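Predicted model, so just to flag it, every value in this text is computed and none were measured. Lettering follows sequence order; numbering is per chain, from 1.
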Amino acid sequence: MMIPKLHRLSCIKELEQAQAFIVKAGFYNHIPIITKLIAFSSLSPLGSLPHACALFQETSMDDSFICNTMIRAYSNTVFPLKALLIYNRMQRMDVDSDHFTYNFVLRACARAIKCTEMDDQCFGHHIISRKGSEIHARILKLGFDQDHHVQNSLLLVYSGSGLVGFARLIFNEMTVKTAVSWNIMMSAYNRVHDYKSADVLLESMPQTNAVSWNTLLARYIRLNNLVAARKVFEEMPERDVVSWNSIISGYVNVKDYKGALDLFHSMKQWNIRATEVTFISILGACAELGALEIGKKIHDSLKEKHYRIEGYLGNAIVDMYAKCGELGLALEVFNEMEMKPVSCWNAMIMGLAVHGHCERALEMFDSMKAEDGDHKPNRITFIALLIACSHKGLLAEGRHFFSLMVTKYKIMPDLKHYGCMIDLLSRWGFLEEAYVMIKTCPFSSCSVLWRTLLGGCRLHRHVELGEESFRKLAELEPGKDGDYVLLSNIYAEEERWDDVERLRKEMINYGVCKKAGSSHNSRRHGEEEKGLRWTLKSWALFSKFLIYNFQSVRGAQPTAFVTNCFFMGFSCFPLEPNTNIAFVCQNHMEMNPICPKSVKLSLA
DNA sequence: CTAGGGTTAG
């Protein structure tokens with residue numbers, strides 16, 4: 001019989017075969033063997049953490065080496081808290097801990113802090129920081145504080161908590177400072193924006209390596225300063241995958257998705273092998289561009305390489321499919337994921353919501369609650385749910401979710417939540433209620449809310465509230481072309497032509513320029529429209545578009561349409577040459593498949 | 001065994 005070589009497994013299937021063999025041969029209680037199985041399943045990108053977890057639970061869970069392996073595995077996932085749970089169990093069960101344990105558990109803390117930061121949970125952030133200090137105390141008690149790996153991890157935790165002072169104290173007292181220590185210390189200063197100290201450190205380092213330069217690169221990327229980042233990237237003495245990943249994520253951050261894809265291609269030419277992180281960034285770019293083909297190709301190649309589609313990676317794929325409108329494929333990947341982070345549920349709910357499957361989005365929320373585990377809904381979950389309600393006019397459900405998030409989940413609604421709520425109310429005709437809500441909420445001076453209400457007033461022909469919202473907008477953020485158009489539409493529908501004319505004159509007097517465009521184009525195609533100018537062709541397209549629109553909005557009042565033309569016609573011509581209408585028109589006319597969320601013109 | 005790069009928002 002073939003004896004499987006545990007150190008040379010190439011996928012989870014082979015692992016299962018090996019495992020069957022081991023059981024059959026009666027070695028299932030053999031600690032070194034089971035350790036190898038767990039190590040492979042949990043640490044290899046081809047393994048499966050849930051599988052490791054199942055194996056782990058079948059042991060007596062009292063072996064330090066195995067516990068360490070599990071902690072290490074979890075410390076690098078979307079569920080770093082699970083590592084802390086295993087650590088707590090170890091303490092409870094009196095399992096011996098060693099310097100490895102502390103190294104890994106501290107790294108889990110550092111990551112957990114990072115995760116809570118992403119989620120804006122200052123509460124959780126605080127608690128985990130305290131857990132870090134608790135572990136530190138234990139380290140001192142047991143005398144592991146002289147181990148330089150443990151010291152480095154302590155630096156990580158304190159730098160994550162923003163306690164640079166503490167980090168520096170540990171750093172100063174370290175007898176062995178490796179390049180790792182210097183780099184962590186430097187990124188700690190970067191994190192609290194103390195760039196001077198970071199630079200001093202970089203200058204005085206005994207030797208720099210790729211990581212040092214990557215740390216500097218990450219600083220500029222976090223500041224969205226792509227020019228400086230690019231300069232560092234080009235001039236750094238050594239470059240590795242992480243440098244590439246950083247610069248790619250920089251392009252994604254500033255929404256230059258094409259730039260990111262170009263870099264991804266030139267990376268191949270330099271013979272740099274893409275990593276999971278590369279794919280995550282690139283999949284994000286595909287999602288925003290609606291570039292389904294590229295995204296699918298990446299997914300296929302990952303499957304071919306037997307990558308485990310979990311955590312961040314699974315999330316990115318689900319989100320890519322959902323944004324591209326391939327909800328079936330998204331669901332398929334989603335269902336195959338064994339450990340779903342909240343973000344993944346959110347991506348799925350959001351995908352269903354924006355593509356009109358609102359009831360299914362709400363059902364998803366129910367199954368999210370039903371599934372045992374620790375995925376609690378967060379602020380984004382509720383944004384997604386409210387969007388779903390808004391699309392279908394589910395008033396009662398919307399109100400229910402809005403109060404549920406406060407009472408049950410203790411999430412304070414932010415501007416976005418109010419935005420969704422106002423959208424829901426005013427879109428479905430509850431204008432007075434929306435008005436009261438804006439007036440009484442903490443964001444009553446935010447123009448977006450008033451603009452949403454104004455849109456609702458136009459839809460439901462409510463002149464008084466429309467005028468009131470417009471007055472508010474003129475006060476808060478004067479000179480917005482779209483606001484004039486909306487109010488003028490309201491007047492036009494009531495055939496109040498004098499008011500329309502008055503508004504148009506006012507607009508010209510204030511020098512407000514009508515910028516036609518979609519709700520997405522400026523964000524989505526930041527670079528692309530720059531080269532486009534107003535040519536005869538674009539005007540031709542534009543007028544074709546107007547006619548097309550006129551014909552397609554059969555139910556709408558022609559008067560409103562006529563006013564739009566009127567507005568556009570008079571105030572569009574003197575626009576600067578770089579306007580993006582041409583691009584929008586082309587997009588709309590050709591129903592460009594690259595654009596998943598359909599481009600809506602404000603005049604439609 | 002270590003640092004640097006990564007997710008969701010009308």
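- Side-chain atoms of A:S343 stay outside donor-acceptor range of the base of B:dT8, with no qualifying N/O pair under 3.5 Å.
- Residue A:K323 places its side chain closer to B:dA9 than to any other of B:dT7, B:dA9, B:dG5.
- Checked against salt bridge (charged side-chain N to carboxylate O under 4.0 Å, His left out), A:K296 has no partners two or more places apart in sequence or in another chain.
- Between A:F365 and A:W345, the gap from one ring centroid to the other reaches at least 6.0 Å.
- Closest contact between the side chain of A:H149 and the listed nucleotides B:dG4, B:dC1, B:dG6 involves B:dC1.
- The nucleotide whose nearest atom lies closest to any side-chain atom of A:E276 is, among B:dC1, B:dG4, B:dG6, B:dG6.
- If you look at A:F233 and A:W213, their ring centroids are not closer than 6.0 Å.
- A:D240 meets the salt bridge (charged side-chain N to carboxylate O under 4.0 Å, His left out) test with no other residue; sequence neighbours excluded.
- Aromatic ring orientation, A:H99 versus A:F144: tilted (interplanar angle from 30° to 60°).
- The phosphate of B:dG10 (OP1 or OP2) has no side-chain N or O of A:K392 nearer than 4.0 angstrom.
- Residue A:N152 is classed as a base contact, given a heavy-atom separation below 4.0 Å to a base.
- For A:V211, counting side-chain heavy atoms from C-beta on, the closest listed nucleotide (B:dG4, B:dA9, B:dG5) is B:dG4.
- By the 30° and 60° cut-offs, the orientation of the rings of A:Y418 relative to A:F402 is perpendicular.
- OP1 or OP2 of B:dG6 has not a single side-chain nitrogen or oxygen of A:R111 nearer than 4.0 Å.
- Listed pair A:R379 / B:dT8 fails the phosphate criterion, with no side-chain N or O lying under 4.0 Å from OP1 or OP2.
- Annotation: proximity of residues 234-244 of chain A to DNA chain B (heavy atom, distance under 4.0 Å) is found for A:D240, A:V242, numbered in ascending order.
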